[in-house]
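Okay, so here's the structure we're looking at.
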Amino acid sequence: MSRTTFGPRACFVLAGVLPLVNFFVPLWGIRLYAPQYPEGISMYIWTHRITGQLDLVNGLNHYIGMKPIDPAGIPELRWMPLAVVALSAWALMIALVPTRALALLWVVVYSLLGLLGLVDFYLWEYDYGHNLDPTAPIKIPGMSYQPPLIGSKELLNFTAVSFPHVGGVALMLAGALGICGLCVLWRSREAKPL
Amino acid sequence: MKSCSVRAHWFLALGLVLVVLSGVSCKRQVSTQGFMAEDAAQKVYVAPGKYDEFYAFLSGGFSGQVAVYGLPSGRLLRVVPVFAVNPENGYGFSEETKPLLMTSHGFIPWDDYHHPELSQTNGVPDGRWLFGNSNNTPRIARTDLTTFQTVEILEIPNSGGNHASPFVTPDTRYVVSATRFSVPVPQRDVPIPSYKENFKGTLNFVSVDPDSGRMSLAFQILVPGFDYDLAHCGKGPSYGWCFFTSYNTEQAHTLLEIRASQNDKDFIAAVNWRRAEECLKEGKGQKWPAEYYHNIYDDERHLAVSEVLREVTVLEAGACPGAIYYLPTPKSPHGVDVDPTGEYIVGGGKLATVIPVHSFSKMQKAIAEKKFAGEVQGIPVLAYEATVAGEVEKPCLGPLHTEFDGQGFAYTSCFVSSEVVKWQLGTWQVVDRVPTYYSIGHLMIPGGDSQKPWGKYLLAMNKITKDRYLPTGPELAQSAQLYDISGKKMKLLSDFPTVGEPHYAQALPADLLKNKVAKIYPLEKNHHPEAVKSEKEARVERRGNEVHVYLTAIRSHFTPDNIEGVQVGDTVFFHVTNLEQDWDIPHGFAVFGSENAELLVMPGETKTLKWVPKKVGVYPFYCTDFCSALHQEMQGYVRVSEAGANVPISYGTGK
């Protein structure tokens with residue numbers, strides 16, 4: 001291994017390994033606080049499942065007519081793990097054969113998928129928060145219940161707090177490492193063209 | 001003056017910093033018992049949202065229940081039904097809990113609960129179980145301290161009143177009990193004046209499984225027909241022994257008030273249970289026929305089951321030399337209390353003028369040297385002078401019961417003179433005394449009968465409260481009074497009315513218990529035979545004249561909520577499963593015209609209400625425990641048609 005490619009290789013090894021933590025830790029965490037739930041109600045979104053007090057959330061959401069969250073009915077939970085594995089494998093391949101084109105393409109695809117994921121998550125939240133059952137017991141004109149993408153938001157008696165969890169941070173870190181790797185690769189190749 | 005008293009009121013209510021800043025001018029007027037009321041108020045004040053330092057379990061005496069209080073605030077946290085039915089939550093009314101109150105005399109809806117006793121490990125309360133005795137129809141109950149639910153009741157045969165009970169060995173190997181009223185053993189039809197020939201007492205050793213807590217009556221010792229009053233087991237050097245007080249050694253059977261108060265000394269029975277175990281191993285016990293119930297509630301089946309036992313091992317005292325000795329003790333002793341070191345055995349002679357203290361080591365020596373003063377029905381009576389370590393002179397009138405602070409001091413309650421007397425072990429000198437209001441029975445120091453008392457507070461349990469609280473007709477509240485015993489002088493901090501008669505109590509630090517408390521019953525572990533785990537499984541089934549309604553409850557509806565096809569003459573069983581898995585969300589269930597109680601169903605639990613409709617009509621049912629914003633909408637109807645009507649069974653929710 002040449003000294004000049006050591007940095008980029010290391011970056012892509014990490015960028016390949018880090019996303020895999022998503023199979024062991026959640027991607028995103030949402031917590032709901034209310035006067036009668038001082039300890040909070042948690043919901044965790046993984047790449048392949050949703051955990052936490054889902055039954056409780058669904059039980060409470062029915063008052064305002066939100067659809068029950070049913071992990072079986074969310075297609076993202078099926079394709080997200082595949083995308084993560086594919087991107088990981090790809091990053092590891094780059095680590096093995098560090099070519100500029102492959103690395104550039106990885107960074108572009110990774111960023112696009114990441115962005116797509118966030119947009120998809122936002123739309124999903126939008127749908128859950130806006131698409132309300134017209135027969136719901138509690139109806140407040142103009143009120144929607146979309147949880148925040150990142151940060152906190154007051155929703156009736158609840159404060160909803162949403163933040164990336166360890167898996168989400170790992171994904172961002174992997175992206176950043178990929179970009180670093182690409183940059184170093186790019187510069188080293190410029191200094192010493194093939 | 002007026003503003004001062006108003007302010008004083010504030011101090012009592014808030015009892016905080018303000019007192020120090022502005023209360024100086026009226027301190028004199030609000031002081032009680034030479035102790036500043038505002039200081040006391042601060043010591044018992046637990047701010048909103050803060051926890052008490054101790055859990056205290058006070059028996060309800062004739063209420064048959066045990067009440068859980070926080071100390072030092074004296075706030076009532078919960079009433080746990082044990083020996084009495086409780087309409088509040090359907091205990092003894094639901095099909096699942098009825099078996100707990102079954103006895104060989106049938107279903108008994110009430111009994112008097114006298115002595116709570118915490119399980120111990122290494123001589124210290126461990127917060128696993130709370131045992132309790134029923135006096136009237138002899139039984140011992142076990143309450144699980146993760147669920148605060150009574151989970152086991154064992155009937156004691158050949159006993160006439162289970163008063164000297166349930167006191168544990170330091171490892172909870174045994175829970176002991178003894179009969180208050182001697183009776184013919186086994187029971188039979190004999191003239192009452194034949195008391196001396198025919199009446200016997202029993203001392204009972206109930207073993208406890210260290211893992212499950214399950215009790216079983218290991219053996220009974222047949223003893224002379226006295227009245228046995230209280231007990232305590234030895235610890236440290238006296239481990240292996242238990243002590244039982246007796247009165248009526250005169251063996252009177254009428255007007256005991258006078259006739260059982262003639263002897264100068266009655267007896268403490270010192271029982272070497274390890275010796276008794278040896279005798280049983282040698283085959284000196286006998287199997288006697290007996291009928292008694294053993295009722296166990298299963299947390300996963302949410303169901304109590306009764307088992308009828310038909311045999312008991314009896315050891316006659318005379319058949320096992322060395323198992324029992326009598327310690328003469330003045331006079332009609334109530335309490336027998338073993339100090340934390342296990343060396344001193346304190347008698348509470350309620351008619352005595354001294355508090356006698358026996359020494360365990362002296363007793364051992366006296367046995368070895370055969371310093372006997374006589375014999376009663378084969379049981380050696382040790383010489384008083386040979387066992388007594390000292391006497392507390394002129395302590396008070398009517399000394400009853402003693403607990404210890406772990407600092408070398410003993411605290412004795414005095415019924416007649418209404419006071420607590422503090423005295424020193426070893427010197428037998430009285431060092432302090434405080435009045436109680438009024439007629440104190442037992443007293444309690446958290447862990448005060450164990451090897452390591454948390455000797456910060458003392459709780460007096462009083463029988464009479466006239467002029468202490470707002471009057472409530474001829475019947476007044478009974479009360480507990482909290483004293484600070486951390487200093488040299490005892491200080492009254494507060495008093496609070498109690499549920500029933502606070503006969504005795506136990507307490508332990510909240511930290512030992514609060515994190516072990518169950519929050520829900522997990523639905524996946526609900527193995528109740530009639531449980532329904534989802535609304536899809538909810539249904540109504542007819543089986544001959546029985547209609548079984550498999551009902552689910554979740555905020556804020558029942559499934560099904562419209563039921564038709566029930567007929568007059570049917571017996572309807574509502575099997576209600578609470579589908580919630582959220583802490584503090586029970587659902588209630590009550591039906592119009594029911595001659596039963598309501599149900600209170602905890603999250604994940606299943607309970608059954610039996611209902612026999614008598615008249616045609618449409619009957620509402622509803623949730624009784626305010627569960628949600630739409631609690632009032634949580635309701636349904638049962639249509640009851642006349643017998644033989646052709647209305648088919650039908651049901652649904654939202655149809």
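Remember, predicted model here, so these are calculated numbers, not experimental data. To find a chain, count down the sequence lines: A is the first, B the second, and so on, and within it residues start at 1.
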* Once you round to the nearest 0.5 Å, how far does CD of A:Gln53 lie from CG of B:Asp582? -> 7.5 Å
* How about A:Phe24: does its CZ atom have over 12 heavy atoms from other parts shown lying under 6.0 Å from it? -> no
* From A:Leu56 CG over to B:Glu580 CD, what is the distance, rounded to the nearest 0.5 angstrom? -> 8.0 Å
* Asked: Rounded to the nearest 0.5 Å, how far does CG of A:Asp55 lie from CD1 of B:Ile554?
  -> 7.5 Å
* With a 4.5 angstrom heavy-atom cut-off, could you sort out which part of A:Leu60 is near chain B: side chain, backbone, both or neither? => side chain
* CH2 of A:Trp79: more than 12 outside heavy atoms within 6.0 angstrom? -> yes
* OH of B:Tyr637: more than 12 outside heavy atoms within 6.0 angstrom? -> no
* List the atom of B:Arg555, the atom of A:His62, and the distance in Å for their closest heavy-atom pair. => O-CE1, 3.2 Å
* Asked: If you count the non-hydrogen atoms of other residues, nucleotides and ligands that lie under 6.0 Å from OH in B:Tyr51, is the total more than 12?
  -> no
* **Heavy atoms from other residues, nucleotides or ligands near NZ of B:Lys525 exceed 12 (cutoff 6.0 Å)** => no
